[in-house]
Structures are given as structure tokens and as C-alpha cells.
**Q** 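The structure under discussion is supplied below as C-alpha cells; questions concerning it will follow.
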Amino acid sequence: MEVDRRTLMKGALAGGALLALGVPARTFAASPPSSLKSCLLFLGGTLVDDAFERGASAACAEAGGAELRRMKLQGGLCAHPDHMLALLEASRDVRWISVMDDADAAIFQELARTTGVRLLSRGSHSCTEDGARSLRHVWLSASASHSAGELLAARLHAEPDGFSITERFLEPPANDDSLEMVSLPGFASYRSAGPERLDMHCSGITLAEACAFVGWPTSGVWSPVVLTSPKGSADTPHPESWVEAVGHAVTAAALGTGQVARSTSGHAFVRGSFGSAPIRPAGRFVSFVMDR
Amino acid sequence: MAEKYLALPKGVSEKSFDAALNEFRGVLGEASVLTSAQDLAPYIKTMMPVPDSEHTPSAAILATTVEQIQKIVAICNKYKVPIWTISTGKNLGYGSAAPAERGQVVLDLKRMNRILEVDADLCYALVEPGVSYQQLYDYIQERKLPLWLSVPAPSAIAGPTGNTLDRGVGYTPYGEHFLNACGMEVVLADGQVLRTAMGSLPKSNTWQVFKWGYGPYLDGIFTQSNYGIVTKFGFWLQPAPPVYKPFQVKFPDEADIVEIVETIRPLRLGGVIPNSVVIAHALYEAALKAKRSDYVPGPGAIPDEAVRRLANDHDMGIWNVYAALYGTAEQVEVNWKIVTAAFGNSGKAKFVTEEEAGDDPQFGYRAALMRGGMDLREFALYNWRGGGGSLWFAPVSQARGSETLKQMALAKQILAKHGLDYTGEFIVGMRDMHHILDMLYDRTNPEQVKAAYACFDELITRFAAEGYGSYRTNTAFMDKVADTFGPVQRSINRTLKKALDPNGILAPGKSGIHLE
């Protein structure tokens with residue numbers, strides 16, 4: 001006989017582990033999938049929550065005022081996986097934008113898979129003290145249409161410090177060379193000719209160094225691409241912090257702004273630091289965008 | 001035109017795969033056959049130092065009945081499509097839910113989740129593979145049954161079938177999970193359904209009470225293997241004891257591991273301490289209380305001096321022993337005197353009882369696991385280094401102090417060489433110890449990924465050279481570990497594979513078992 005866990009878990013939700021914030025759900029202002037009714041910003045109770053939320057709110061404002069429902073986890077997901085599972089199971093037609101630490105992210109991903117989510121992107125974001133180019137973002141995205149990498153690159157480009165952004169797309173690339181390659185002013189662009197079609201954009205650093213930094217093949221297969229009009233970032237507002245920039249990029253991608261088809265399996269933006277050591281605060285977190 | 005699928009099974013054309021998927025849809029329904037990137041993404045991400053692309057599935061299919069699974073294997077045989085079966089799929093640090101090889105179809109049994117029977121008198125349960133520990137725990141609590149589970153660290157989100165079939169362990173007196181397994185039902189590659197041991201008799205009521213059955217004991221060949229798909233799983237539950245007394249013993253130096261093990265072994269063999277004791281190094285639990293960056297500013301392994309400082313700052317032992325006593329008040333009182341006297345000989349042990357621990361999270365989660373409770377706080381480990389990289393290295397040692405010291409020293413040396421920390425613990429059986437070491441690294445940093453791969457490879461190689469085999473490993477290193485057990489074992493495994501699965505459709509590569 002099956003236990004009615006939904007009843008049990010819904011009772012547990014009232015226990016205070018989750019805090020609902022913000023205004024009721026609104027539909028996207030941009031081009032949401034027609035089946036989705038609302039967007040939820042789920043904050044994992046980390047030190048980056050506030051900054052991420054600021055960036056997310058800015059993205060919503062730019063997308064015509066779409067408002068996010070917000071929910072904040074208290075006490076850590078590891079302490080209340082059953083509450084999290086109940087919340088996911090009860091969720092219908094919602095696009096989740098989530099931010100949490102590595103431990104909670106590992107559990108969250110497992111719980112999400114249990115409930116049959118559609119994972120659009122998972123990003124790992126860090127600013128460590130290990131080296132000069134220590135701001136690192138690594139994404140696995142379902143497809144290029146959910147890409148947040150170039151949105152983030154555009155915002156970070158306004159800052160003097162170095163960064164690396166790597167994004168892989170699970171969907172095979174469209175076999176259409178007429179599709180636009182997007183880059184930024186000041187970046188040299190290359191495309192790999194191997195079985196995987198990868199785009200590398202680097203600035204203040206050689207191609208070989210950039211490839212080594214992100215762990216991509218360095219030898220032989222890259223061809224330079226001259227872009228006649230790379231998208232500018234001159235008018236992009238300076239984010240208050242790198243976390244805010246990530247919050248903005250992830251949310252903008254989730255809301256469907258800036259979606260462009262790509263003929264690539266992945267791309268990277270690597271910029272060397274123009275200053276000395278970065279002055280950003282250290283930190284590390286994981287972002288998710290998924291539909292449930 | 002873009003490719004249609006994220007990946008194709010090895011040796012299967014797109015046309016054949018189209019046909020196989022259509023037949024899967026005919027059996028399971030459209031919604032239970034997943035091929036889109038968004039639907040498969042949750043199955044792809046692992047924590048291993050290899051590209052995700054090496055473990056990308058071609059599809060995921062969700063089955064809920066034995067009959068469906070029989071039809072699925074028939075389709076797989078027809079089109080030579082390999083399937084990788086997961087139950088709850090929470091094999092964190094061992095490959096997660098991703099298949100062993102690119103292009104395999106994940107057969108996800110999470111929805112096959114009926115609790116078929118729980119007998120409170122004979123203390124056993126019979127479940128389907130998708131049942132989680134949390135689900136079973138809730139079932140027991142709701143009915144106020146006097147039964148305890150034994151759970152691994154992923155407790156709430158993992159399941160008894162998957163954990164036991166991979167020969168995982170827990171922390172209660174029933175912590176040797178496969179020892180307490182009793183009877184299973186298996187769908188074979190040819191579609192036959194086997195009920196092992198006493199389950200083969202149609203009217204049997206001893207399927208879950210007597211392990212051995214008649215003739216060769218077949219249950220074992222379905223663990224850590226690819227010889228069949230388990231669709232029902234029986235196992236024993238611990239009767240809830242009247243008294244449960246968890247405790248912690250802290251030791252200040254790494255060399256104390258010798259004394260610890262020599263003290264514990266007779267207590268375990270003599271039944272004084274009945275549960276699988278854990279001897280955790282300070283770094284294993286450090287993330288619960290500390291940030292690595294506060295003790296190690298740059299790259300490289302954490303120095304011993306910093307570990308001592310961390311342990312001191314947070315009132316941790318360098319070794320932290322967790323054990324418990326179970327029984328009547330009289331039994332516990334007698335055994336407590338024995339335990340405290342045994343550990344008290346050197347004067348180095350510092351005892352902490354549940355009352356003294358208060359709300360210490362380090363004690364709290366261990367106490368929960370030792371009573372079969374649901375607690376995931378061990379996974380604070382993943383915040384120690386960050387970056388999502390984790391591989392469990394799991395060699396076995398004798399329950400002998402000199403051996404554990406030797407293994408720890410060897411592991412530390414290899415890890416430090418690659419810039420990684422020793423985050424290890426020993427789980428004490430009777431005569432053996434599982435030396436569980438979480439190799440934590442930043443998976444977003446290519447240098448650390450390279451170091452992690454090289455380190456894990458070296459750990460396997462050098463430990464095997466000393467005669468220490470791994471009891472379990474992740475999907476990226478299964479062949480390497482299989483090699484350490486020599487060609488005869490591999491040959492026998494292959495022979496069984498050819499006999500039971502001549503088309504090689506079931507989890508090719510699991511534990512290094514291939515057709516050729």
C-alpha cells in the first residue's frame with residue numbers, strides 16, 4: 001500500500017522551512033513557453049541571495065516589468081529535503097530560477113530529477129583566490145536558446161577584471177553557417193573545426209592560453225572568425241557586483257530575452273585581467289533554470 | 001540538418017533507434033520516453049573528472065511494471081539497444097544517474113515505487129526499486145511500526161534497492177546492507193522473471209526470511225553487475241530497541257587511529273558495539289563548521305598544521321569515532337561501562353554523549369544515521385572545496401590499526417601530491433573496514449579536473465599494488481578497478497554475461513563486465 005506522501009509533505013511545508021516572499025506570480029513579459037504560467041526565484045539561503053535577487057529584479061524590469069514570485073529556503077536544503085521535494089511535486093507550469101551552494105545544489109538536482117523537471121541550464125559560478133583570472137562561470141545548458149553566457153559576458157565586459165565563461169549546449173548545433181556568431185568588442189573570435197563546433201572569444205589573452213584555461217583543445221583545429229559588427233556593450237549598465245551580474249544574466253535567459261539560435265555546441269568568453277589582483281569578494285554558488 | 005538525438009547507442013543507427021523508441025512509446029506511452037535535451041539534462045550531470053559527453057544518454061524511459069520491463073528488454077534485444085537501469089538514481093559520487101557509456105538508454109524505475117509488504121513481526125520489507133528510504137520511513141512512522149531502517153549517507157533521497165545492489169552500507173547494526181538482503185525478483189535479459197532463493201516456490205512465505213534457498217546462491221550475482229533488472233527487493237529491518245545511546249569519542253592525533261581500531265575491533269566482534277562504527281577524520285566533517293578558505297588561502301592540499309588548527313577551533317578531534325549502543329537499559333548500561341573502560345586506557349579519548357553534544361550538527365547527523373533516520377547533512381562535504389567534483393575512493397582494509405594507518409598515510413600522500421585533501425573515514429565492519437574517502441575537487445577548474453583524474457587513477461593503482469582492492473567505484477573507473485581483481489574474475493564475469501545476456505543489452509560496462 002502506498003503512503004500518501006503528498007498529504008504528509010504538504011503538512012510539512014507549513015513547518016516554516018520555506019519563506020514565500022514578493023508578489024504573486026505574473027506571466028512573462030517576453031516570449032515565454034505557452035505552457036508556463038509563472039516564474040519563481042528560489043533563493044537557497046546563501047550569502048549571495050540578495051545580490052542575485054537584485055540582478056534578477058533588474059532583468060525583470062528590463063523585460064517589461066515581469067515580476068517574480070520569490071521563495072527563500074531557511075536552514076539549508078540538506079536539513080529539509082522532504083520539504084523541497086513536496087514543493088517541487090506541487091509545482092506546476094512554473095519556471096524555477098534557483099541559486100544555492102554546492103551541497104544544496106547536489107541534493108536539489110537529485111530531487112528535481114525525481115519529480116521530472118526539464119532542466120534548461122545549470123551554472124557553477126565562483127570567484128576564488130587561486131589566481132589572477134579567478135572569476136569563473138561554467139554552464140551546462142539544454143540548448144543555445146537558453147544561453148546566459150553571452151548575456152553575462154556583456155555585463156562583465158564593462159568591468160576591468162578578468163573572467164571566464166564556458167557554456168556547453170546539449171542539443172546538437174543547427175547545421176547552418178548563416179546563423180550569427182555573437183561576440184563582444186575587443187574579443188578575438190575563433191571556431192573549432194573538430195567534431196564539436198565550439199566558439200572561443202578571447203581578449204587580453206592568447207587563444208592557446210584561453211583554451212588551456214577552460215580546458216578546451218589547444219592544438220590545430222581553430223579558425224579565426226572576423227565579425228563585422230560584434231554586439232556592443234557600451235550601454236550595458238555596470239552591475240554592482242559579479243553576483244548581481246549573474247543573477248541578471250540567468251534571469252534574462254530564463255525570461256527568454258536575448259535568445260538567438262546558434263550553430264555551436266558551446267562557447268567560451270575568456271578575458272585576461274587588465275588590473276592586478278581582482279578586487280571582487282570571493283564566493284561560489286550554483287544556479288539552475290528549470291521547468292516544472 | 002541538425003542531429004536528431006543528443007547521442008546514439010553504440011552500433012545503432014538513427015533509423016533503428018527511431019524504431020526502437022517508437023516501440024518503447026507503444027509500451028510506455030509518449031510521456032515516458034524522453035529524448036529532448038531539457039528532459040535528459042537532469043540525467044547527465046555527474047561529479048566525475050570526465051566530460052559529461054562521455055556519459056550522455058540517448059534517451060530515458062520510465063517503466064512501472066514487470067510486464068513493461070519484459071517488453072522493453074525484448075525491444076532492446078531486437079534493436080541491440082543497451083539500457084542502463086537506475087532505481088532512485090542517487091549514486092552520488094559514483095556516477096549519479098548517468099549511464100556508464102555514451103548513448104545508453106537510461107531505464108528509470110523511480111515510478112516503480114510500491115511498498116509491497118512490511119512485516120512488523122518478522123521485521124522485513126519487500127519493495128519495488130523506486131521506493132526511497134524516506135518513503136519507507138514515512139510508511140513505518142505513519143503506522144507506528146516498531147522498526148528501524150539502516151540508511152546510507154544519502155538517506156532520504158536514496159533507496160534500499162539501488163543502494164544494496166551496489167553493496168552500499170549504513171551505520172546501524174544492520175549497516176552491512178547486502179548481509180541483510182533477503183530475496184529479490186529479477187527480470188532477465190531474455191524476459192524471464194526469476195524470484196531468487198525461497199521466492200521460486202509459488203506459495204512460498206519464506207522468501208524474505210531465509211536468504212539461501214536451495215542450490216547456488218544467485219542473489220549475489222545481481223549485485224554490482226549487469227545480469228538482470230531487479231524489480232522487487234526484500235530486506236530485513238531492525239526491531240526498534242528500547243534504548244538507543246549514540247556517542248562520540250574524539251582523539252587528538254592521526255596516529256591514534258591504531259589505538260582506536262585495536263580498541264573497537266574486539267568490541268565489534270564481541271557484540272558490545274553492534275553497529276557499523278565510523279571513524280571520521282576531522283576534514284570529513286569540517287565543512288559543517290568551517291570554511292576551507294579560512295585555513296588554506298591558495299592551491300594545494302591543506303597542511304597538517306591547518307587541520308590541527310581547524311580541529312582545535314571547532315572542538316573536533318582529528319579522529320572522531322561515532323558508535324552507538326542498542327538494547328534494554330540494562331544491556332546498554334553494562335555495555336557502556338565496557339566501552340568507556342576500553343577507550344579509557346590511554347587517557348587520550350574524549351567522550352561526548354548525546355546530552356553533552358547539544359545541537360552540534362556533527363554529532364546530530366551521525367546520531368540520526370545510526371538510528372536509521374533521514375539526514376543529509378553529510379553532504380555539507382560538497383561545500384568544502386566547492387565546484388561540484390566528488391569521487392568516492394573505497395578500498396577495504398583489515399580491522400587492524402596498523403593497516404588503517406598505512407592506508408591513511410598512503411592516501412594522504414597521493415592526494416597531497418595532486419593538491420587534494422584527505423577527507424576520509426573508516427566504517428568498521430567486524431573484521432574489515434570500508435575506507436571511504438571523498439576526493440573533492442573543483443569540477444569547473446580544468447587543472448583540478450586533470451589532477452583529480454590522475455589522483456584517482458593513482459589511488460586505485462597504488463592501493464591495488466599493496467593488495468587493497470576497492471569495494472565499489474564510479475562509472476568512469478569501473479574497468480580499471482575490475483582489472484585490479486585480475487583476469488580470472490573478469491573472464492568468469494564475461495562468461496556469465498554471455499550466458500545471461502548474449503546481446504549485451506543490460507548495462508554494458510557495469511563493474512567492467514562486457515561481452516568481449
Side-chain angles (χ1 to χ4, degrees), chain A residues 1-3 5 8-9 76-79 81-82 85 101-107 109-114 116-122 124-126 128-131 136-138 140-143 146 166 168-176 196 212-216 263 282 284 286 290-291, chain B residues 1-6 36-45 47 52-53 56 62 88-90 92 96-97 110 113-115 132 134-135 138-139 142 154-157 287 293 297-299 365 374-383 385-388 390 442-447 449-450:
Chain A
M1 184 188 297
E2 182 72 355
V3 175
R5 289 192 63 250
L8 208 64
M9 292 307 144
L77 197 153
C78 288
D82 48 346
L85 188 62
D101 63 28
D102 280 289
D104 282 353
I107 303 303
Q109 180 165 328
E110 296 300 327
L111 294 174
R113 181 169 49 75
T114 299
V117 302
R118 310 186 80 216
L119 182 63
L120 304 184
S121 75
R122 183 193 195 275
S124 188
H125 314 279
S126 64
T128 62
E129 289 153 2
D130 287 350
R136 195 190 292 267
H137 306 272
V138 177
L140 179 67
S141 299
S143 71
H146 302 107
T166 317
R168 290 287 194 130
F169 307 122
L170 289 174
E171 264 181 18
N175 211 353
D176 182 354
E196 272 193 298
F213 191 72
V214 300
W216 283 7
S263 59
R284 183 187 285 282
V286 179
M290 58 188 203
D291 292 341
Chain B
M1 184 184 292
E3 292 161 39
K4 198 170 176 182
Y5 300 110
L6 300 196
S36 76
Q38 296 94 314
D39 285 325
L40 293 183
Y43 293 91
I44 291 172
K45 202 81 175 96
M47 307 176 95
D52 291 329
S53 57
T56 296
L62 289 82
T88 62
K90 307 297 189 291
L92 291 162
S96 304
K110 66 185 176 200
N113 63 352
R114 292 179 301 162
I115 297 170
S132 68
Q134 180 75 64
Q135 183 186 348
D138 294 342
Y139 180 99
E142 201 180 70
S155 60
I157 62 173
S293 56
Y365 98 78
M374 305 293 110
D375 198 305
L376 294 175
R377 283 177 287 179
E378 177 159 308
F379 292 101
L381 267 172
Y382 294 155
N383 286 335
R385 202 95 199 214
S390 166
D442 182 353
R443 199 166 181 257
T444 68
N445 183 326
E447 283 177 7
V449 170
K450 207 169 151 189

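Per chain, numbering begins at 1; letters A, B, ... match sequence-line order.
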**Q** Which atoms of B:Thr88 are under 4.5 Å from chain A, going by heavy atoms: the side chain, the backbone, both sets, or neither?
**A**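 Just the backbone, heavy atoms under 4.5 Å.
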**Q** So, for A:Ser124 and B:Gly387, which heavy atoms are closest and what is the spacing to 0.1 Å?
**A** OG-CA, 4.4 Å
**Q** Under a 4.5 Å heavy-atom cut-off, does chain B meet the side chain of A:Gln109, its backbone, both or neither?
**A**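 Contact with chain B: side chain only.
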**Q** Pick one of side chain, backbone, both or neither for B:Ile44, based on which atoms fall under 4.5 Å of a heavy atom in chain A.
**A**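 The answer is the side chain of B:Ile44.
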**Q** For each of B:Met374, B:Gln38, B:Lys45, B:Lys450, tally heavy-atom pairs with chain A at distances under 4.5 Å, and name the one with the top tally.
**A** B:Gln38
**Q** Quick one: pull up CZ in A:Arg118 and OG in B:Ser36 and give me the separation to the nearest 0.5 Å.
**A** 4.5 Å
**Q** Please name the pair of heavy atoms, one in B:Thr444 and one in A:Arg136, separated by the smallest distance, quoted to 0.1 Å.
**A**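 It is O-CD, 3.1 Å.
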**Q** Side chain, backbone, both or neither: which part of B:Lys110 has a non-hydrogen atom closer than 4.5 Å to chain A?
**A** side chain
**Q** Which residue out of A:Val138, A:Asp101, A:Leu140 racks up the most heavy-atom pairs below 4.5 Å with chain B?
**A**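 The answer is A:Asp101.
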**Q** Please name the pair of heavy atoms, one in B:Gly386 and one in A:Arg284, separated by the smallest distance, quoted to 0.1 Å.
**A**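 Shortest heavy-atom separation between B:Gly386 and A:Arg284 comes out as CA-CD, 3.4 Å.
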**Q** B:Ala380 versus chain A, heavy atoms under 4.5 Å apart: side chain, backbone, both or neither?
**A** backbone
**Q** Between A:Leu77, A:Ile107, A:Leu111, A:Asp104, which shows the greatest number of heavy-atom pairs under 4.5 Å with chain B?
**A**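 When all of A:Leu77, A:Ile107, A:Leu111, A:Asp104 are compared, A:Ile107 has the most.
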**Q** Would you please test A:Leu170 and B:Leu40 for side chain to side chain contact (heavy atoms under 4.5 Å, CB included) and show each step?
**A** CA-CA 9 Å; A:Leu170 289 174; B:Leu40 293 183; 5.8 Å; no
**Q** Is there a side-chain contact between A:Thr114 and B:Ile157 (heavy atoms, below 4.5 Å)?
**A** no
**Q** Testing the basics here: between B:Tyr382 and A:Ala106, what is the closest heavy-atom pair and its distance to 0.1 Å?
**A** CD1-CB, 3.5 Å
**Q** Might you point out which heavy atoms bring A:Asp102 and B:Asn383 nearest each other, and give the distance in Å?
**A** N-OD1, 3.2 Å
**Q** Need one label for A:Val286: side chain, backbone, both or neither, based on atoms under 4.5 Å from any heavy atom in chain B.
**A** neither
**Q** State, to 0.1 Å, how close A:Gly215 and B:Pro446 come at their nearest heavy-atom pair, and which atoms those are.
**A**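 Closest approach of A:Gly215 to B:Pro446, heavy atoms only: N-CG, 3.4 Å.
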**Q** Please flag which part of A:Arg168 lies under 4.5 Å from any non-hydrogen atom of chain B: side chain, backbone, both or neither.
**A**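 Neither part, no heavy atoms under 4.5 Å.
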**Q** Is there side-chain contact between B:Lys90 and A:Arg113, with at least one heavy-atom pair below 4.5 Å?
**A**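 Contact flag for B:Lys90/A:Arg113 side chains = yes.
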**Q** Under a 4.5 Å heavy-atom cut-off, does chain A meet the side chain of B:Tyr5, its backbone, both or neither?
**A**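 The backbone, not the side chain.
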